[in-house]
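The first residue of the sequence shown is numbered 1, and numbering continues consecutively from there. Just so we're clear, the structure is a prediction, and the values are computed from it rather than from any experiment.
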Amino acid sequence: MVSIWQIIALPIVEAIVVGALCGFVGSLALLNQRIFFTESITHAAFPGAVLGVVLTSAYTIDQNILSLGLFVGAAVACVVLSLVMYALSHLKGISSQAAAGITLTVGFASGYFLNKWFAPLPLRIEGFLTGSLLNCTPADVISASVAFLLVLGLWIFNSANLVHCSFDPINYRAAGGRSGFIQGMVLALIIITVSVIIPAVGTVVSVSLIAAPAAALKGRIASINKFVLACVITAVSIALIGLALAVILKLSAGGTIAICAGAFFLIVKIGESIFIKINDFSSRLHARREKVAENAI
């Protein structure tokens, strides 16, 4: 008889790996001001994921192979729509933000159209939108793990260039660095991440786990290495808490993780606001006491 632990073990491992990957890449995306690009790419992955599953299902119904087809299709769609976004941003009168917005809308609408056109799919639509963490496969875990190891390896051997180019690309180019290569590397990591986390947190809500930890912790940790590590730990914690709540409350794991990510961001922001007000009140109270003491003298 299969125990509950055996059923939940693989989703727990997937949550840990996906959380670590999202935290890591989210910190890089924030440092390089690529959060809105990431949001657009998450929606651009939707039609590619559908087409990848459709083409793969013509040859097999094995869930692991279908997952690989999903990853490849999503990645290809992300690359294609990234090029479209780049081309649009260079048209007269269209800003980079407008181009990203157009890509986001077209990508998401295309995904819905393709899903209806090729219905029924061997994978549920919910799996594309909010993920299906409890139904993840070994192929999902392996793909996310390989992506995380790739990001970790690039950070270990190239962190100095990544940080330098993120903070001052002009100076980096002046020093002989190839900023275009570094920026391309970051974009590639974002595309890979968005593609491999679809089975866990889908395309719509995945940006929450990528962006929320980095956005909440921005400016609160002086060291870049500690900032990246904090983002990873936070994202893993959010993923595990979201998974636990989803199991207990019988909710969508991807949606619950997204809510937890948003809640973490709000808690940090509200806590910061309260701390500032308390500190300001304390400073004014201290100043008033000093003034009273001076008057008494």
Is [X] linked to [Y] within one hydrophobic cluster, defined over Ile, Leu, Val, Met, Phe, Trp and Tyr using a side-chain heavy-atom separation of less than 4.5 Å?
| X | Y | answer |
| --- | --- | --- |
| Leu104 | Val84 | no |
| Met85 | Ile192 | yes |
| Ile35 | Phe265 | no |
| Val25 | Val79 | yes |
| Ile233 | Ile210 | no |

Between atom [atom1] of [X] and atom [atom2] of [Y], what is the distance when rounded to the nearest 0.5 Å?
| X | Y | atom1 | atom2 | value |
| --- | --- | --- | --- | --- |
| Ile65 | Leu70 | CD1 | CG | 13.5 Å |
| Phe71 | Ile198 | CZ | CD1 | 8.0 Å |
| Asp140 | Leu66 | CG | CG | 10.5 Å |
| Leu251 | Leu245 | CG | CG | 8.5 Å |
| Phe37 | Asn32 | CZ | CG | 11.0 Å |
| Leu187 | Leu28 | CG | CG | 11.0 Å |

Chi angles and distances behind the side-chain contact (heavy atoms from CB on, under 4.5 Å) call for Met185, Leu162: CA-CA 9 Å; Met185 182 190 301; Leu162 285 168; 4.2 Å; yes

Over all atoms of both residues, closest heavy-atom pair of [X] and [Y]:
| X | Y | result |
| --- | --- | --- |
| Ala15 | Ala239 | O-CB, 3.5 Å |
| Cys136 | Leu10 | O-CD2, 3.5 Å |
| Ala214 | Leu30 | O-CD2, 3.2 Å |
| Ile94 | Ala99 | CG2-N, 3.9 Å |
| Leu68 | Ser143 | CD2-OG, 4.0 Å |
| Ser40 | Gly101 | OG-N, 4.5 Å |

Check whether more than 12 heavy atoms from other residues, nucleotides or ligands sit under 6.0 Å from atom CZ of Phe118, and answer yes or no.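 Enclosed: over 12 neighbouring heavy atoms sit under 6.0 Å from CZ of Phe118.
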
Any [X] side-chain heavy atom under 4.5 Å of [Y] side chain:
| X | Y | result |
| --- | --- | --- |
| Val201 | Leu133 | no |
| Ile41 | Ser82 | yes |
| Leu243 | Glu14 | no |
| Trp155 | Val163 | yes |
| Ile8 | Leu134 | yes |
| Ser110 | Val106 | yes |
| Ser208 | Ile257 | no |
| Val141 | Ser145 | yes |

Parallel, tilted or perpendicular: which fits the ring planes of Tyr112 and Phe46, with parallel below 30° and perpendicular above 60°? perpendicular

Whether the side chain of [X] engages the backbone of [Y] through a donor-acceptor N/O pair (distance < 3.5 Å, no angle test) should be reported.
| X | Y | answer |
| --- | --- | --- |
| Ser159 | Ile156 | no |
| Thr56 | Val53 | no |
| Ser195 | Ala75 | yes |
| Ser57 | Val54 | yes |

side-chain contact (heavy atoms from CB on, under 4.5 Å) assessment of Ile221 paired with Leu229: CA-CA 10 Å; Ile221 302 175; Leu229 179 60; over 6 Å; no

What residue pairs, at least two apart or across chains, pass side chain to side chain donor-acceptor pair (under 3.5 Å) with a residue in residues 212-221? Arg220-Glu272

Run the numbers on Arg178 and Asn161 for side-chain contact (heavy atoms from CB on, under 4.5 Å), then give the verdict. CA-CA 9 Å; Arg178 295 183 295 170; Asn161 290 324; over 6 Å; no

